[in-house]
J.: 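Can you read through this structure? Questions will come right after.
Counting starts at 1 for both ligands and their atoms, in listed order. Computed from a predicted structure; not experimentally measured.
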Amino acid sequence: MAANSEDKTTQTSTENIREIPGVNFIRAQIRLDNDRGTYDGRVCTRFPPEPNGYLHLGHTKSVCLNFGVAAEFGGQCNLRFDDTNPTREETEYVDSIREDVRWLGGDWQDREFYASDYFEQLYAHAEELIKMGKAYVDDLSADDIRKYRGTLTEPGRESPWRDRGVEENLGLFRRMRAGEFPDGTRVLRAKIDMAASNLVMRDPTLYRIRHAGHHRTGNKWCIYPLYDYTHCLSDSLEGITHSLCTLEFVNNKELYDWVLDTLNVYHPRQYEFARLNVTCTILSKRKLIQLVEGGHVNGWNDPRMPTLCGLRRRGVPPGALREFCALVGMARVNSTVEYAMLEFCIREYLNGHTPRFMAVLDPIKVVIENYPEDRVEEFDMPLHPEDDSYGSRKVPFSRELWIERDDFRFVPPKKYYRLTLGSEVRLRYAYFITCREAIVDSDGKVTELRCVYDPQSRSGQSPDGRRVKGTIHWVSAVHANSAEIRLYDQLFTVKNPDNAPGGGTFLDNLNPNSLQTVRGWLEPALAALDPGARVQFERVGYFCKDRDSTPEKPVFNRTVTLRDTWAKMEKKDQNHE
Ligand code: ATP
Ligand code: MG
């Protein structure tokens with residue numbers, strides 16, 4: 001996995017970390033630990049998703065960070081499913097997470113772990129805590145526990161069950177495990193401090209009763225450990241060195257440390273980094289699920305979804321996402337990144353990694369009057385204008401072509417170098433043509449352009465040094481394949497869908513025009529591509545062949561539009577002359 005670029009804007013310094021310019025704080029911490037021999041030079045991280053939904057753009061940051069630093073320091077990164085919640089987790093999600101992490105370039109080798117693998121050990125540690133007098137069974141209801149907890153300004157109250165003896169606690173906890181009590185009637189809590197200033201430390205719940213089947217352990221358990229208790233012990237059992245999580249867990253760190261210190265087991269350290277937020281989208285599994293279940297999109301892998309499977313289907317390459325994460329960096333302060341920055345990374349990456357083809361999405365017919373009716377020529381065209389290693393493809397040329405409707409105007413605006421009546425343009429890699437006549441239907445819509453070509457201008461070369469400024473793309477009408485083209489746009493119309501100026505929820509801010517489907521014409525070479533192939537349609541944008549494609553009906557998704565392509569191309573063509 002590509003290493004993240006160093007973040008030069010780290011503002012925080014903790015007691016241990018010297019500010020090292022150009023080094024993000026997590027790498028700085030690892031170097032410090034390696035220098036001191038804290039873990040004998042070992043680096044072991046983990047990516048710990050809860051299998052209750054599909055991975056999204058936000059998870060990319062965590063995947064890139066955890067796998068990235070492990071790779072950089074010659075360490076290892078585990079994939080650990082945090083599956084402590086029996087009802088919400090499903091095997092479908094486990095499979096998708098595996099696929100998505102692998103797609104991003106994360107390699108956990110044979111280290112695929114599940115928190116549920118540790119249930120037996122977690123249980124044994126809980127009994128240990130009880131025996132130490134550090135945990136007790138509480139009969140308060142969930143509501144009462146909340147009421148007793150107090151607030152930031154008021155200390156909590158101790159539960160009347162807090163001082164049960166060890167034997168009584170052990171007996172009750174064993175009976176909880178044996179299934180003798182209904183859901184919600186008792187919990188196991190850590191006995192810490194109901195007056196702690198950190199609310200997390202006010203006797204947090206460690207276990208609760210849930211008579212529910214689990215996707216891996218079936219009906220073996222009816223008590224389930226909570227996240228804070230499970231996470232630190234899972235890290236400890238796996239020998240994690242640096243446990244990297246997002247900032248909302250800052251307050252949980254004290255509990256993380258308490259559990260491991262109290263049990264006196266191997267103790268990884270937790271470090272928090274900022275969550276990735278991106279404008280014009282939402283990154284929360286709970287909300288993404290509403291888009292799917294409400295039918296606002298066509299499933300988790302709808303190309304408009306910020307899920308990894310959606311981005312993949314849209315044609316976003318994993319390398320572009322890794323570069324995006326590198327660019328975002330590892331700041332410790334939460335911030336929101338512009339969606340345009342993601343698009344920039346996708347465009348940059350695709351520019352260097354995709355072959356070029358021609359496709360016309362909004363066609364007008366061009367008839368070249370002086371080109372013989374039954375003649376067909378083949379032009380050899382490079383698949384990439386700057387990289388010969390892509391090779392070339394053959395493109396047929398004939399008397400009737402499709403060109404883009406927007407490439408003809410009766411009344412050309414300033415600096416419009418495309419086709420107008422009487423003007424000459426270059427057909428990309430083919431010939432110069434001059435428009436003689438435009439045929440218009442009763443609505444005033446152009447249906448056909450009658451043109452002539454200069455046979456001397458073969459392969460788009462000027463025969464006599466005469467300058468032709470504009471170059472347009474085209475496809476031969478008899479050879480073209482018709483295709484369904486899905487033009488995707490932002491799923492939301494506002495920068496912050498959750499908190500838009502007009503109010504409402506994110507569902508009120510959906511873009512009604514986020515998908516527009518058109519029928520386009522493709523050059524024949526595109527037929528040979530497999531679904532998933534990413535291409536540039538010259539002057540139009542980057543596209544990806546969709547899995548819905550059939551030989552009769554290819555389907556392409558627009559990944560991103562091009563920016564400035566028009567300007568760039570004119571420059572290039574002028575340089576050719
Ligand atoms: P969500 O809010 O979407 O449900 P989550 O944090 O509950 O996300 P988990 O499956 O628990 O999702 O996350 C797995 C890992 O990915 C965690 O370490 C979490 O901190 C990290 N992660 C999740 N969302 C982001 C994000 N937006 N930016 C960076 N890391 C994230
Ligand atoms: Mg979570």
J.: Examine ligand 1 and decide if any of its atoms is less than 4.0 Å from a heavy atom belonging to H59.
T.: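 Heavy atoms of H59 do come under 4.0 Å of ligand 1.
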
J.: What are the atoms of ligand 1, with element, lying closer than 4.0 Å to any heavy atom of S62?
T.: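 So the atoms of ligand 1 that pass are 15 (C), 16 (O), 18 (O), 21 (C), 30 (N).
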
J.: What residue among L321, V63, L55 forms side chain to side chain contact (heavy atoms under 4.5 Å, CB included) with W103?
T.: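 With W103 as partner, side chain to side chain contact (heavy atoms under 4.5 Å, CB included) holds for just one option, L321.
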
J.: May I ask you to decide if the ring planes of F113 and Y118 are parallel, tilted or perpendicular, using 30° and 60° as cut-offs?
T.: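 Ring orientation of F113 relative to Y118: tilted.
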
J.: Using side-chain heavy atoms (C-beta onward) and a distance below 4.5 Å, is E112 in contact with N78?
T.: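 Side chain of E112 against side chain of N78, heavy atoms only: no contact under 4.5 Å found.
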
J.: Test your reading of the structure: does N52 have an N or O sitting under 3.5 Å from an N or O of ligand 1?
T.: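 In fact, backbone or side chain, N52 has no N or O that close.
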
J.: Does ligand 1 have a heavy atom under 4.0 Å from the side chain of R286, from its backbone, from both, or from neither?
T.: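 Looking at R286 and ligand 1, no heavy atom falls under 4.0 Å.
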
J.: Could you pull out, from P48, G58, A274, the option with a heavy atom nearest to atom 17 (C) of ligand 1?
T.: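 Answer by nearest heavy atom: P48.
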
J.: Which option wins on minimum heavy-atom distance to atom 27 (N) of ligand 1: L57, L276, T246?
T.: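 Comparing heavy atoms across L57, L276, T246, the nearest one to atom 27 (N) of ligand 1 lies in L276.
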
J.: Decide whether the shortest distance between a heavy atom of S284 and an atom of ligand 1 is less than 4.0 Å.
T.: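 For ligand 1, residue contact (heavy atoms, under 4.0 Å) with S284 is present.
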
J.: Where do R80 and E50 land on the salt bridge (Lys or Arg N to Asp or Glu O under 4.0 Å) test, with the steps shown first?
T.: CA-CA 9 Å; R80 183 197 313 140; E50 185 182 346; over 6 Å; no

J.: What I want to know is whether E248 and ligand 1 share at least one N or O pair that is separated by under 3.5 angstrom.
T.: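 E248 vs ligand 1: no N/O contact under 3.5 Å.
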
J.: For ligand 1, find out whether one of its N or O atoms is nearer than 3.5 Å to an N or O atom of E50.
T.: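 Yes, since at least one N or O of E50 sits under 3.5 Å from an N or O of ligand 1.
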
J.: Between N557 and R313, is any pair of side-chain heavy atoms under 4.5 Å apart?
T.: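 Heavy-atom side-chain distance check passes, below 4.5 Å.
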
J.: Flag this pair as yes if the NZ/CZ of R558 is under 6.0 angstrom from the six-membered ring centre of Y488 and inside a 45 degree cone about the axis; otherwise no.
T.: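 Geometry flag: not set, cation outside 6.0 Å or 45°.
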
J.: Taking only heavy atoms of P49 into account, list the atoms of ligand 1 that are under 4.0 Å away from them.
T.: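 Per the distance check, 10 (O), 14 (C).
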
J.: Check whether T217 reaches the backbone of H214 with its side chain - one donor and one acceptor, N or O, closer than 3.5 Å.
T.: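 Checked: no pair found.
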
J.: Which atoms of ligand 1 have any heavy atom of H56 under 4.0 Å away?
T.: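 The list of qualifying atoms is 3 (O), 24 (N).
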
J.: Backbone or side chain, does any N or O of F47 fall under 3.5 Å from an N or O of ligand 1?
T.: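 N/O-N/O distance below 3.5 Å does not exist for this pair.
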
J.: Any side-chain heavy atom of D33 sitting closer than 4.5 Å to one from T241?
T.: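 Answer no - side chains too far apart.
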
